[in-house]
Amino acid sequence: MNTRTHGILDYVVGALLIAAPWLFGFRDNEAASWTAIIVGALTICYSLFTDYEFSLSRVLPMSTHLAMDYAGGIFLAISPWLLGFAEYVYLPHLIVGILEVAAAAMTRRQPV
């Protein structure tokens, strides 16, 4: 995937994660909600400073951005069990986490 497509996905997924507690009905669980909101907000924040087409300031190398995507995706995927809310909700965190890791794995390291 090119960095342009990845950039679009960063902002869409970040916004989706921030809205996820209300969209998927887990807003009553603080750990599940704040995990999604914080990961979504962080994704948008570091995207704004990544060296690609959709940033405000090209400070962060794409390789660092992708490493943060890997880390965030892994954390998001395991967070229901790590933070103890898996019996309440786990699929949104697991699915988005896995997709985030997959997107990082398929993205080119240099903007086109």
Side-chain angles (χ1 to χ4, degrees):
M1 156 184 347
N2 63 42
T3 57
R4 181 175 177 76
T5 302
H6 187 100
I8 293 167
L9 286 175
D10 282 333
Y11 294 107
V12 170
V13 170
L16 175 68
L17 284 170
I18 292 168
W22 294 271
L23 290 174
F24 301 115
F26 60 87
R27 68 177 176 264
D28 294 336
N29 187 290
E30 285 190 29
S33 295
W34 281 110
T35 298
I37 292 166
I38 291 169
V39 172
L42 287 172
T43 300
I44 290 171
C45 285
Y46 67 78
S47 296
L48 289 170
F49 297 97
T50 297
D51 184 14
Y52 67 0
E53 295 84 352
F54 292 102
S55 72
L56 292 177
S57 178
R58 294 179 174 217
V59 176
L60 192 66
M62 192 64 191
S63 59
T64 303
H65 174 105
L66 293 174
M68 293 171 80
D69 281 350
Y70 281 119
I74 291 167
F75 172 74
L76 195 60
I78 66 171
S79 66
W81 297 274
L82 185 67
L83 302 176
F85 59 84
E87 290 191 22
Y88 185 76
V89 64
Y90 70 91
L91 275 178
H93 298 76
L94 179 63
I95 291 168
V96 175
I98 291 169
L99 291 175
E100 190 168 350
V101 169
M106 293 187 293
T107 300
R108 291 187 208 128
R109 303 237 183 269
Q110 297 297 321
V112 177

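Values in this document were obtained by computation on a predicted structure and should not be read as measured data.
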Legend entry - ILVMFWY cluster, Leu23 and Leu99 together (side-chain gap under 4.5 Å): no
Inset, instruction - Only counting residues at least two apart or in another chain, list the ones meeting ring-ring contact (aromatic ring centres under 6.0 Å, His included) with Trp81. - result: Tyr90
Inset, instruction - Establish whether Ile78 and Val39 are linked, either directly or via other cluster members, by ILVMFWY side-chain heavy-atom contacts under 4.5 Å. - result: yes
Inset, instruction - Taking the side chain as every heavy atom from C-beta outward, state whether Ser55 and Phe49 have any pair of such atoms under 4.5 Å apart. - result: no
Inset, instruction - Report the residues that fulfil side chain to side chain contact (heavy atoms under 4.5 Å, CB included) with Ala31, sequence neighbours left out, ordered by chain and then residue number. - result: Asn29, Phe85
Legend entry - Approximate separation, where rounding is to 0.5 Å, of Met68 CE and Thr50 OG1: 7.5 Å
Inset, instruction - Any chance you could measure Phe24, atom CZ, to Ile95, atom CD1, to the nearest 0.5 Å? - result: 8.5 Å
Inset, instruction - Examine Ile44 and Leu56 and state if one hydrophobic cluster contains both, with Ile, Leu, Val, Met, Phe, Trp and Tyr joined whenever side-chain heavy atoms are less than 4.5 Å apart. - result: yes
Inset, instruction - Would you please classify the geometry between the Tyr52 ring and the Phe54 ring as parallel, tilted or perpendicular, with 30° and 60° separating the classes? - result: perpendicular
Inset, instruction - Can you see which heavy atom on Pro61 is nearest to which on Asp51, and at what distance? - result: CA-CB, 4.5 Å
Inset, instruction - Tell me who clusters with Met106, hydrophobic residues only, linked when side chains sit under 4.5 Å apart either directly or through other members. - result: Met1, Leu9
Inset, instruction - Please list, chain by chain and in numerical order, all residues satisfying side chain to side chain donor-acceptor pair (under 3.5 Å) with Ser63, sequence neighbours excluded. - result: none
Legend entry - Nearest-0.5 Å distance, CG of residue Leu94 to CD1 of residue Ile98: 4.0 Å
For a quick test of your reading: what N or O donor-acceptor pairs under 3.5 Å do the side chains of residues 69-77 make, sequence neighbours left out?
| from | atom 1 | to | atom 2 | distance (Å) |
| --- | --- | --- | --- | --- |
| Asp69 | OD1 | Tyr46 | OH | 2.4 |
| Asp69 | OD2 | His6 | NE2 | 2.7 |
| Asp69 | OD2 | His65 | NE2 | 3.2 |
| Tyr70 | OH | Ala105 | N | 3.4 |

Legend entry - Rounded distance (nearest 0.5 Å) linking atom OG1 of Thr107 with atom CG of Leu66: 5.5 Å
Inset, instruction - Answer yes if Val89 and Ile38 sit in the same cluster of Ile, Leu, Val, Met, Phe, Trp and Tyr residues linked by side chain heavy atoms under 4.5 Å apart, and no otherwise. - result: no
Legend entry - Same apolar cluster: Val96 and Val12, side chain cutoff 4.5 Å: no
Legend entry - Gap separating the CG atom of Leu48 from the OG1 atom of Thr43, nearest 0.5 angstrom: 11.0 Å
Please output the side-chain donor-acceptor pairs of residues 13-20 that fall under 3.5 Å, not counting sequence neighbours, one pair per line with the distance.
none

